[in-house]
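Here the structure is laid out as structure tokens; the discussion comes afterwards.
All chains are named by letter (A, B, ...) in the order of the sequence lines, taking the proteins before the strands, and each is independently numbered beginning at 1.
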Amino acid sequence: TGGGGNGSGGSDGGSSLTPDVPSGTPETVETKYWREWETIDADEPPLDYSATAGAVLDPVPLEFSSEDDPWMREHALMVQRGLDALGIETQLNDRPLNQLYAQSWDTKGLEAIISMSTHGPDPQRGLDPNPLLMRRTETSLSNYDNYYHPDLQEVLTEQSRATDRTEREELVAEAQRIFSEDVGALITLFPDIITAVNTERWSGYVQTPGNGPTKDSFVWSEVNLQPQTDDRAYIKGVTTSMNSLNLPWAAGGAEAKRLTFIYDGLFDATPDLEVVPALATGGGFVDDTTVELTLREGVEWHDGEPFTAEDVKFTVELYKEHSSTSQTPFYEPVESVEVLGDHEVRFNLKGPDAAFMTQRVVRSVIIPKHKWEDVENPSQHNPESPVGTGPFTYENWEQGTRFEVSKNEDHWMFDDDWRADVLGDQATTGEGVERVIWINVGNIDSMIGSLQGGEIDAIGTTLSNSQADRAASTAGVEKMTSGNFAPLDTKLMFSCPLVRDKEFRVALAKSVDTEGFATDVLQDRATVPSGENPISDLTPWHTSDTTHYEFDIDGAKSNLERAGYTWDDDGNLRFPNGDAWAAFVERIQPGNMHQRRDELGQADFS
Amino acid sequence: MSLLDITDLTVTYSTDSGTVHAVNDVSFSIDEGVNYGLAGESGSGKSTLAEAVLGLLPGNGSVESGSIEFNGRDLTGLSERERRDVLWEDIAYIPQSAMDSLDPVMSTGAQIRQAIQTHRNVTDDKARARVRELFEIVGLDPDRIDDYPHEFSGGMRQRVTIAMALALEPDLIIADEPTTGLDVIVQDKIIDKILEIQDRMDSSLLLITHEIGVIAETCDELSILYGGKAMEQGSVDNVLVNPTNPYTMGLKNSFPEIEEGDQDPVSIPGSPPNLSEEPSACVFKDRCPFATEECEASHPDLVDLPNRNHRSACHHVTKAAQMRRDATDPETWGIPDSHDESDRGEVLLETDGLEKYYEQSQPLLDKLRGNDPNYVRAVDGVSLRVRRSEILGIAGESGCGKSTLGETIALLKQPTGGEFVFDGEPYEHYADGNMREFRRKVQIIFQDPFDSLNPRQTVRQLVGEPLTIHDYRTEERERAIVETLEKVGLTPAKKFLDQYPHQLSGGQRQRVAVAKALVLDPDFLICDEPASMLDVSLKVNLLNLLRELADTEDIGIVYISHDLASLVQVSDRLAIMYLGRVIEEGDVESIAAEPKHPYTTSLLAAAPEKDPTVDRDRVLLDGEPPDPVSLPSGCVFAPRCPKAEDACRESEPGLDTVRDGDHRAACYFPDGETPDADGLADDRSDSTYGDPEFSPPASGDSASD
Amino acid sequence: MSEFQRFLAKRLAISILLTLVAVSVIFVVLRLLPGSPFESLVTAGNLSQQQITEIRAMYGLDQPMWRQYLSYLQSILLFQFGYSILRSQPVWGVLAPRLVNTLILLVPALVTTAVLSSLLGMYVGWNRGSKLEKLSIIATTFLRSTPVFITGILFVIVFAYNLELVPAFGMRSISASPEGYVETFASLDFLHHYILPFTVSVLYYSGDFLLLARNGVVEKRGSEFLKLHRAKGLSEMQQLARAGRNSMLPILTYFALRLGMIFQGLILLEVVFGWPGIGRELVLAIQQQDYPLVQAAVFIMALAVIVANLVADVLYAYFDPTVSTSGGGAA
Amino acid sequence: MSTETKPEAELKKRVEGVAETLRDQFTFLRRDRLAFAGVVIVAAFVFLGLLGPALAPHDPIEHTVRDDAGSMLRLSEPTGAAPFGTTAYGKDVLSQFLAGAQPTFIVGLFGGIGTGALGFLVGLVSGYYGGWVDEVLMRLTDLTFSLPFTPMALLLLTFVTPSVWLMTGIIVAFLWKMPARVVRSEVLSVRERTFVKSARASGASDLRTMLYHVAPNVLPIGFLYTAYGIAWAIAAQASLAFLGFGDPTVTSWGRMLRQVFESGNMRVAWWWVLPPALGIAAITTSVFLIGRAYEEVINPEIQTEQ
Ligand SMILES: Nc1ncnc2c1ncn2[C@@H]1O[C@H](COP(=O)(O)OP(=O)(O)OP(=O)(O)O)[C@@H](O)[C@H]1O
Ligand SMILES: Nc1ncnc2c1ncn2[C@@H]1O[C@H](COP(=O)(O)OP(=O)(O)OP(=O)(O)O)[C@@H](O)[C@H]1O
Ligand SMILES: [Mg+2]
Ligand SMILES: [Mg+2]
């Protein structure tokens with residue numbers, strides 16, 4: 001399903017021109033890897049799409065998975081309409097989600113020119129720009145689209161080592177500007193997190209970006225909720241179930257998030273995505289590769305054992321030794337850990353790592369040494385009853401049906417003042433919840449029914465706007481919406497000659513009516529970024545000073561026209577021909593692909 | 001007052017294609033202690049009548065009119081419950097096919113016990129005791145009452161049903177073809193048993209059969225049914241000795257008998273009437289050679305013949321004597337009398353010590369150990385010789401290896417030993433790539449006319465297929481087909497060409513099967529009981545056809561059958577088989593008149609007589625043939641032979657032990673010869689062996705020397 | 001060795017061979033196809049290449065195929081299903097409760113339907129052409145031929161959504177937190193959730209039994225032996241009982257076969273009703289590409305079918321007095 | 001029938017012969033009203049299967065139904081604009097229903113025919129030749145019996161992009177066992193019939209005997225199981241699609257149900273559930289009803305009395 005054949009075009013619809021090629025210019029440009037990518041097998045390109053002078057464009061494959069988000073197909077249709085307006089035929093590939101991902105596992109790169117998927121609202125993506133930006137660098141395993149921009153590469157590399165905050169912010173802003181201007185991808189929107197909760201029984205839901213009040217990435221709602229009735233058990237309906245009680249070796253399922261309720265990290269993040277102390281109360285970089293932290297005193301594990309620096313050291317070493325799967329970002333840059341005192345540790349890093357304090361130590365999970373040291377094979381260990389220091393104590397888990405924790409009274413998060421500091425306006429006071437129970441309700445329909453029937457107090461997954469409205473039609477149930485920092489990333493495959501033409505990319509960006517889509521389909525429950533900027537304005541790293549290519553079909557068309565593209569009588573777009581073709585070939589050369597026509601001093605071919 | 005009084009009984013079946021008038025105005029009565037026979041061709045309504053009496057008509061059958069009075073009570077008016085009380089208590093039933101009529105998942109004893117306990121309030125123990133008693137009466141081992149039906153042979157199962165019928169000592173036993181499908185020896189034993197017991201219990205018997213001979217031997221009175229009508233009834237002595245109805249005559253004449261071996265039996269041409277309408281004319285008129293306009297007008301009533309217990313339904317009953325005379329002449333029935341003499345030609349097929357052993361499947365373990373497998377010696381050293389224009393009959397009990405022999409000489413099965421020469425070439429010649437040639441020259445006709453034709457092919461395809469296969473007369477295919485069809489008497493052939501087998505009658509089908517065999521102009525024909533499934537009259541037709549073919553086409557024929565009587569009719573020479581061996585061989589006349597081997601004698605003796613005045617001596621063989629896997633040493637027949645001596649058990653007599661010209665037998669103590677002085681310890685003098693009670697062959701007509 | 005023992009030995013050998021082949025097929029399908037549970041981690045950008053390699057080594061995925069195969073064979077045939085990749089616990093620990101949930105739903109359903117539908121089938125077979133016969137045939141044909149999830153959905157819409165008689169989803173009410181099987185299953189709440197899926201499974205299975213029984217009785221009804229029973233003066237009911245007894249064998253063997261398939265659960269039914277059974281678990285495991293779990297589940301299912309087949313054949317040979325034990329057996 | 005004097009005439013006759021047999025065999029439809037209703041439904045389904053997409057008023061995926069104000073009509077009950085209502089994102093259910101008939105039809109038809117044909121061939125060869133051929137083929141069916149269909153199909157579909165043809169292939173690969181067994185046992189009994197022996201006696205080769213004599217006599221069973229195969233294939237395809245393993249690029253009835261179920265709108269949007277659900281139920285039931293009636297024709301033992 002790799003896309004159009006060879007650039008001869010013409011055969012299926014549209015009439016191509018006779019190629020007219022200035023000497024020294026190839027008549028056809030093939031899909032090609034322009035750099036040596038470790039992740040990409042250049043001999044066996046997953047995508048084969050060539051450009052031929054004067055030829056009508058082959059259909060452009062558009063890839064997505066309708067399992068990704070219910071409206072994802074609508075989104076693909078929007079992109080399709082954009083391309084259609086430009087006279088480009090498209091071919092929609094609706095793929096099973098796992099296969100969409102499998103392309104990355106096989107590390108052969110994307111198999112379609114345009115491929116869209118949403119990024120998960122992993123809290124760390126809201127805290128630090130690295131998770132979303134570093135994948136645009138040359139060596140990232142997650143760079144599937146063969147994107148390479150020398151300037152961006154430089155800026156990103158620099159910022160990843162810049163431990164100085166202001167310096168880094170500047171660099172990150174620069175990176176956003178470069179990427180947006182270059183149309184490195186189509187960052188169409190940040191979909192809102194919509195859910196519904198019972199506000200008659202509980203007050204004090206905390207809206208967290210990317211998480212809403214009810215998802216499991218943050219624990220703020222649960223520690224802040226105040227019962228309005230005598231029942232202090234807060235029941236959350238979910239559709240996914242935890243696979244095990246082994247957080248560090250979880251494969252990223254629901255357990256990786258839900259179990260963090262039991263544990264603490266070294267630092268935590270507020271609903272405003274600011275870093276606040278948790279098990280560590282202070283400290284920071286001593287030099288570029290050394291971090292020293294002071295740990296909170298008086299903290300006890302749920303079984304009564306005291307928490308010490310030994311636990312931190314043990315945790316990191318265990319993770320490293322047995323390759324913890326869920327805590328990779330935390331321990332990855334750490335070379336070694338030293339215990340400086342009962343409540344003081346030093347991390348020696350492998351290299352300068354800017355994100356260490358802003359991302360990696362935040363919501364990391366520290367496990368008790370006394371529980372884990374005798375575990376023979378931690379990756380296959382399923383603790384009977386996990387012990388942490390977190391705000392909630394493990395009570396019971398029934399695979400596939402329920403997970404139950406109870407309040408850890410002594411935890412600092414239940415200190416009203418502390419919460420007032422961190423949560424600001426959203427903070428409440430009172431006795432709080434006694435228990436939090438996750439119940440797997442399996443399907444959305446029953447979940448809405450259960451919420452309306454009062455069997456559950458909140459829905460722990462995202463709903464569509466209309467579902468939330470339906471749920472909220474019952475008294476006592478309210479729809480809740482919060483912003484999101486994880487964008488919908490519409491990746492462009494840069495091995496493809498067409499994509500490498502910046503004029504085309506700009507035209508593409510102009511042809512996609514994201515605003516209209518957000519209004520019409522998502523009923524405005526999404527944020528449309530200004531420009532192709534993956535860093536959301538919810539995060540402190542965001543810059544609004546980015547190039548924004550407005551939705552403007554005519555503008556897009558005239559861009560193409562000036563770049564030498566033409567249309568046949570049926571309105572099918574053709575590659576440039578003659579001199580314009582030579583200009584096209586010039587534009588897509590490795591050094592030039594981030595420059596527009598006029599920057600290269602090319603003529604206006606319209 | 002008679003026991004069972006049937007008056008004007010009419011039974012119909014409703015079917016998709018209209019009403020079937022199966023029984024039309026039949027009346028008769030059975031007195032206490034009387035054996036009553038019901039005879040007629042297939043489809044004449046015999047079973048229907050019996051079922052009507054028993055109230056067992058299938059859902060679509062109903063008694064339209066008439067009454068069935070049993071001991072003065074009209075059975076037709078009984079409620080379901082009242083009828084259940086009569087059933088078995090008063091009227092017991094021996095159903096048509098013993099093989100299927102026992103409940104397969106209930107032990108035989110339990111089935112009988114159930115019959116007892118349904119009607120009598122007795123304890124289980126008492127019932128069991130009764131079952132044991134019954135088993136003994138019918139000659140079964142009382143210890144086997146807990147065995148399931150499939151553990152018994154067909155004959156034994158039939159005895160179980162008889163035992164069941166006797167359980168409550170009913171006043172009337174209705175036996176519907178109790179012996180059909182069994183071979184003569186078993187049939188004879190069963191009939192004997194029924195008679196013996198019924199005599200002892202003094203009950204009446206309604207015996208249904210299409211074998212006139214059986215009735216002649218067992219019954220006092222009978223009715224002949226045809227097309228649901230009683231054609232003739234009365235005492236057996238009257239009806240069968242002096243039939244007054246053309247149908248009875250035809251039926252009787254077509255029943256072959258051994259002593260008539262020299263005569264061609266006469267058949268009734270045509271097929272049974274259409275029962276879809278109530279008969280308005282004489283039902284037999286279409287096939288009756290004596291039919292006149294009068295017969296068209298109405299069906300004749302049964303009229304009492306003066307002074308005798310004899311009634312007949314025929315418009316021409318007054319001319320009975322004349323008709324009787326004419327009826328014996330085949331020409332009367334429109335059958336050409338074709339008795340060309342033809343000399344037997346050169347030897348076509350010769351086998352010497354031919355063997356066909358079946359290896360028994362063996363557990364893997366034994367195979368690994370290298371144990372020799374057991375063999376079923378289905379054909380065990382058979383030496384035969386068949387000439388052109390000669391019909392060799394092969395007879396023997398079921399399971400003696402007749403079919404295997406037939407298929408082996410047809411090379412459908414590979415012989416496992418012995419010599420085989422056909423047309424001068426040995427088996428190896430054919431096996432070595434010349435099988436096509438062999439297949440063209442040798443054809444085989446199988447037993448079952450209903451099954452030997454592919455139901456999805458038309459007659460043209462059926463008969464034409466061998467031509468295609470052998471690329472024979474392909475340029476004049478159609479003509480070859482038509483010719484052959486006409487040769488076997490399917491005229492006009494055109495009419496049949498596009499018909500499918502299901503559109504043909506049984507006789508016609510069998511003829512198509514013959515045509516299929518003949519279309520290649522074979523030299524040699526093997527017939528494996530081709531007539532055993534056919535009604536008597538059809539059977540006769542076929543025998544005549546084969547005889548004619550042998551005579552006119554110079555074909556050598558092997559005719560296999562367990563029906564000795566028809567073999568005697570058709571064959572030139574006979575070979576008697578027992579357990580894979582030929583134990584006697586010779587000219588038909590010689591064997592029929594003077595059997596040498598005690599087994600042949602009993603076979604001959606078991607065949608029923610259609611003349612009730614002849615008293616036949618039964619020769620009842622004990623037991624069943626031994627297991628062909630572990631044969632006894634010495635003469636294989638010794639365990640059942642009433643004359644067996646030590647010598648017989650020690651060594652096996654060769655076929656040449658007795659020799660009388662062409663007539664040979666494998667017996668140390670042949671019948672008809674004075675045995676050695678010490679060899680005659682004949683304490684079973686109730687059976688007379690070797691009494692040449694068969695009338696000597698009339699000279700002249702036969703195709704023999 | 002008796003004939004029967006010989007038959008048994010042969011049948012057993014075949015079953016063992018089949019098991020081996022089936023197990024190998026499962027292996028081939030699982031290993032030769034691309035994909036792995038760590039994809040989502042990689043996609044999320046969490047794992048480095050080296051870590052991926054380490055994890056693969058941990059699960060033996062880096063070994064040569066034949067070595068993986070051997071160790072796989074060894075462990076699976078010893079019922080050592082190993083550890084679930086995603087659940088950090090023994091596979092059996094994951095599957096066992098699911099299996100219990102499936103069995104508790106389907107075994108009673110199967111038994112109920114086998115008894116009731118067979119009886120009904122015999123009855124309507126005896127009363128050929130009755131209205132009841134027509135009706136039951138249409139109904140069971142509909143229920144049997146329609147995919148079970150559609151019946152399930154229709155029932156949910158009618159009985160749960162519109163009539164609101166029963167809950168639409170799940171095995172226990174969401175607020176229940178029973179401990180142990182007894183508490184789980186011995187409660188009104190469970191019963192309340194149980195009725196709908198139970199009814200649907202009963203109805204779903206009913207078709208086969210009904211038709212088997214009906215056809216059996218219809219065939220027997222015209223048989224000679226029944227005529228003889230009738231002639232003996234047995235009452236209608238007794239005759240029906242005999243006809244029924246004679247049609248029992250296919251029903252019995254079919255029951256055994258179905259029982260074997262019950263370990264597969266009714267995947268679709270479990271999905272529709274949110275029944276936490278083995279079928280639903282398997283779908284999940286497949287989606288997550290949890291090799292050990294999938295292979296164990298499929299192995300259990302295959303084994304159950306093979307054993308049931310064996311049992312059916314042996315039952316057949318054992319109970320049918322007329323079947324020759326050398327010949328093989330049931331379809 | 002290789003050499004013929006008048007091949008056309010012969011051919012014509014043969015065709016007529018076959019037609020007659022078929023006519024004979026299909027007369028049951030006149031008697032059995034249920035089966036007749038089934039035929040009507042099947043005919044309607046075939047019609048939809050062939051022309052459904054062309055009849056659909058809108059594109060089932062791309063077109064969005066809008067109200068007068070131009071905004072998307074979400075989850076609308078049947079109205080004039082959308083006679084069967086709309087889906088959560090304003091798609092026309094009627095169009096989806098019509099277009100969805102096609103993949104259902106294709107899988108049903110080819111899955112059924114493939115199942116019937118493959119099973120028939122295997123059963124025929126296995127039953128006719130017996131011996132080790134039979135042993136091997138029967139063990140193969142045992143194997144497909146013991147591998148659970150749904151899980152295996154799901155496994156395969158997880159890794160390979162599902163397409164209608166792939167589904168058909170998988171369905172055939174798993175379902176052929178049913179007809180194979182039945183046909184085989186039928187062949188076993190036909191093989192013993194005299195006319196087969198007779199064909200061999202007249203010198204017919206194995207192939208000829210098998211094709212001309214055995215095969216035609218088990219063909220009805222083959223037809224019957226092809227019919228059942230169609231119903232099974234439709235059911236299997238719908239089931240797989242419902243579990244989310246169907247071809248995502250194609251609207252099929254099973255996939256429609258998947259979408260309602262997943263979208264969490266089953267409780268409200270009955271108009272979205274019923275067309276595909278009833279469509280599948282009707283077609284599978286009809287095929288079975290016809291099959292059952294036909295079975296009674298070819299197995300007179302269980303024929304309904306009139
Ligand atoms: N259930 C039935 N439905 C319709 N017609 C039937 C039925 N049973 C018998 N017949 C028809 O009734 C007629 C008489 O059948 P019946 O069985 O009484 O004959 P029969 O003399 O016993 O023959 P056979 O010697 O073959 O047993 C036949 O034409 C037969 O086809
Ligand atoms: N294929 C076979 N394998 C093993 N034994 C066989 C086979 N065919 C026949 N037999 C056995 O060989 C013996 C002779 O059988 P055959 O069929 O030749 O007898 P028959 O004389 O034709 O009997 P009938 O009169 O019943 O047709 C029997 O004991 C039979 O059980
Ligand atoms: Mg009869
Ligand atoms: Mg025979």
Q. Can the positive tip of C/R242 be found less than 6.0 Å from the middle of the six-membered ring of C/F225, inside 45° of the ring normal?
A. no
Would you mind telling me which of [options] has the largest number of heavy-atom pairs within less than 4.5 Å of chain C?
options                      : result
B/D85, B/L56, B/D103, B/T118 : B/D103
B/A115, B/A92, B/P58         : B/A115
B/Q114, B/R83, B/M164        : B/Q114

Q) Shortest non-hydrogen contact from B/V138 to B/L166? A) CG1-CD1, 4.2 Å
(Q) Just so I understand: if I count every heavy-atom pair under 4.5 Å between each of C/Q238, C/R230, C/K220 and chain B, which residue has the most? (A) C/R230
Q. By a 4.5 Å heavy-atom criterion (distance strictly below it), what part of B/E51 contacts chain C: side chain, backbone, both, or neither?
A. side chain
**Q.** Toward chain C, the part of B/I116 with a non-hydrogen atom under 4.5 Å
**A.** neither
Q.
Do C/V124 and C/L135 have side chains that approach each other closer than 4.5 Å (heavy atoms only, starting at C-beta)?
A. no
Q | Validation row: B/L207, B/L38 side chains within 4.5 angstrom (heavy atoms) | A | no
Q: For the pair B/K46 and B/D176, find out whether any cationic side-chain nitrogen is under 4.0 Å from an anionic carboxylate oxygen.
A: no
